[in-house]
Amino acid sequence: MMTTLFNSIIPAAIAIATVFLFGCTGEIIMEKAGHLNLGIPGIMCMGTVGGCVGVRICVLMFGTHTINWFVLVLLTLIFSALFSCIGALIYAFLTVSLKCNQNVTGLALTTFGAGFADYFMTAINKSNFAGASKVIRYSLPFASNLGVFGKIFLDHGVLVYIAIAIAIATSLILSKTRIGLSLRAIGENPATADAAGINITKYKYLAIIIGSIIAGFGGVFYVMDYVGGSWENSFTIQAFGWLAIALVIFTVWKPALAIAGSIVFGILYVVPYYTSGISFAQMKILNLLPYVVTVIVLIITSIVGRKNVQPPQSLGMSYFREER
């Protein structure tokens with residue numbers, strides 16, 4: 001069992017955890033600005049389409065067998081960011097500028113993003129995705145020679161390490177910089193932040209755009225790394241988007257803690273697939289464990305009542321400056 005744990009379960013958990021980590025980090029940034037974006041699953045779908053467009057352009061430029069690794073990763077992330085921005089701007093315009101209900105807008109965006117992805121992906125030639133995926137998943141060549149350590153920590157594509165770096169950078173920015181302080185102030189009390197001279201609209205727009213871009217990378221990772229360039233199970237991206245939102249609660253709005261939390265969610269997600277002798281129905285029940293754990297954490301944090309484990313006070317509420 002221990003051999004299976006270190007050689008199979010943990011590496012697989014880290015891989016799928018990267019999807020959760022991208023989505024969770026992006027959602028935390030938005031929630032710190034007071035926006036509960038339930039459109040994350042849709043934005044992840046849109047970011048995936050953008051990343052696939054970037055892959056297709058790179059294949060057309062270099063050919064299947066001469067793809068440049070750096071250019072491929074760069075174009076994939078750039079186009080993913082551009083397509084994620086479309087969803088971000090729709091959500092920001094409706095909830096920040098027009099003060100629409102955040103929950104309704106987010107749910108509508110999820111529906112739109114899923115339909116957007118299904119429609120546009122039918123027009124993209126996906127025949128070269130498997131080859132491009134191998135390039136994106138390229139890991140250090142000596143990782144396999146380092147035994148369990150190499151398998152767990154080094155045998156991953158570059159997007160895994162980018163996700164971890166983004167989560168750490170986000171944690172430092174939110175806790176150690178003036179920008180992070182201003183963003184947290186907006187999420188807690190936008191009226192006070194406005195009175196202090198902070199541009200509420202600018203910060204909210206930037207938080208939504210940056211958070212959406214990061215979340216979009218999660219969808220790209222799932223298709224172009226985790227499943228090897230396949231679009232057959234694209235509907236799963238939406239499910240992972242909801243798990244990423246749940247992970248925000250599990251990690252009590254702390255990006256650094258999201259790294260460990262995403263791995264925990266990853267383990268809970270993959271363990272049923274490595275458990276012998278269970279039926280399909282039992283496997284689906286076990287897949288509910290991340291949600292159950294999230295509910296338990298939510299109950300515990302509500303009972304504890306400490307401010308540092310509570311959501312931002314203005315989360316989900318539109319800011320009307322004239323009511324200041």
- Message: Apply side-chain contact (heavy atoms from CB on, under 4.5 Å) to residues V220 and F79 and explain how you reach the verdict.
- Response: CA-CA 10 Å; V220 173; F79 277 88; over 6 Å; no
Exceeds 12 heavy-atom contacts within 6.0 angstrom, atom [atom1] of [X]:
X: L172; atom1: CG; value: yes
X: Y161; atom1: OH; value: yes
X: M121; atom1: CE; value: yes
X: K202; atom1: NZ; value: no

Which heavy atom in [X] sits nearest to a heavy atom in [Y], and how many Å separate them?
X: G113; Y: C45; answer: O-CB, 3.6 Å
X: F62; Y: V71; answer: CE1-CG1, 3.6 Å
X: P311; Y: W253; answer: CB-CZ2, 3.3 Å
X: A13; Y: G266; answer: CB-C, 3.6 Å
X: E27; Y: H35; answer: OE2-O, 4.2 Å
X: T251; Y: L257; answer: O-CD2, 3.5 Å

Counting C-beta onward and ignoring hydrogens, is there a side-chain heavy-atom pair between [X] and [Y] closer than 4.5 Å?
X: M30; Y: I40; result: yes
X: K151; Y: P11; result: yes
X: L289; Y: P272; result: no
X: V96; Y: Y91; result: no
X: T122; Y: D118; result: no
X: L77; Y: I162; result: yes

- Item | CA sep, side-chain torsions, deciding dist, call: Y222, T18, side-chain hydrogen bond (donor to acceptor under 3.5 Å, both in side chains) | CA-CA 8 Å; Y222 175 73; T18 304; over 6 Å; no
Once rounded to the nearest 0.5 Å, what's the spacing between atom [atom1] of [X] and atom [atom2] of [Y]?
X: L174; Y: I179; atom1: CG; atom2: CD1; answer: 10.5 Å
X: I237; Y: I43; atom1: CD1; atom2: CD1; answer: 13.5 Å
X: L82; Y: C85; atom1: CG; atom2: SG; answer: 6.5 Å
X: I186; Y: I200; atom1: CD1; atom2: CD1; answer: 4.0 Å
X: F250; Y: F265; atom1: CZ; atom2: CZ; answer: 5.5 Å
X: I14; Y: S262; atom1: CD1; atom2: OG; answer: 9.0 Å

- Message: Tell me if the aromatic rings of Y269 and F240 count as close, with their centers under 6.0 Å from one another.
- Response: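 Between F240 and Y269, which both carry aromatic rings, the centre distance is below 6.0 Å.
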- Tell me whether the centres of the aromatic rings in F217 and F221 are closer together than 6.0 Å. no
- Task: Have a look at Q238 and tell me which of T110, L243, T111 forms a side-chain contact (heavy atoms from CB on, under 4.5 Å) with it.
- Result: T110
- Task: Kindly determine whether L72 and N68 satisfy side-chain contact (heavy atoms from CB on, under 4.5 Å), including the steps that lead there.
- Result: CA-CA 6 Å; L72 176 62; N68 183 284; over 6 Å; no
Same apolar cluster: [X] and [Y], side chain cutoff 4.5 Å:
X: V264; Y: F20; value: yes
X: L183; Y: Y205; value: yes
X: I166; Y: L206; value: no
X: V158; Y: V227; value: yes
X: L154; Y: V135; value: yes

Between [X] (side chain) and [Y] (backbone), is there a donor-acceptor pair under 3.5 Å?
X: T177; Y: G180; result: yes
X: R137; Y: G157; result: no
X: K204; Y: A33; result: yes
X: S175; Y: S171; result: yes

Which pairs would a plain distance check flag for residues 47-60, meaning a side-chain donor or acceptor within less than 3.5 Å of a matching protein atom at least two apart in sequence or in another chain?
residue, atom, partner, partner atom, Å
T48, OG1, M44, O, 2.6
T48, OG1, G219, O, 3.3
R56, NH1, N128, OD1, 2.8

- Query: So F116 and F120, would you call those rings parallel, tilted or perpendicular, with 30° and 60° as cut-offs?
  - Reply: tilted
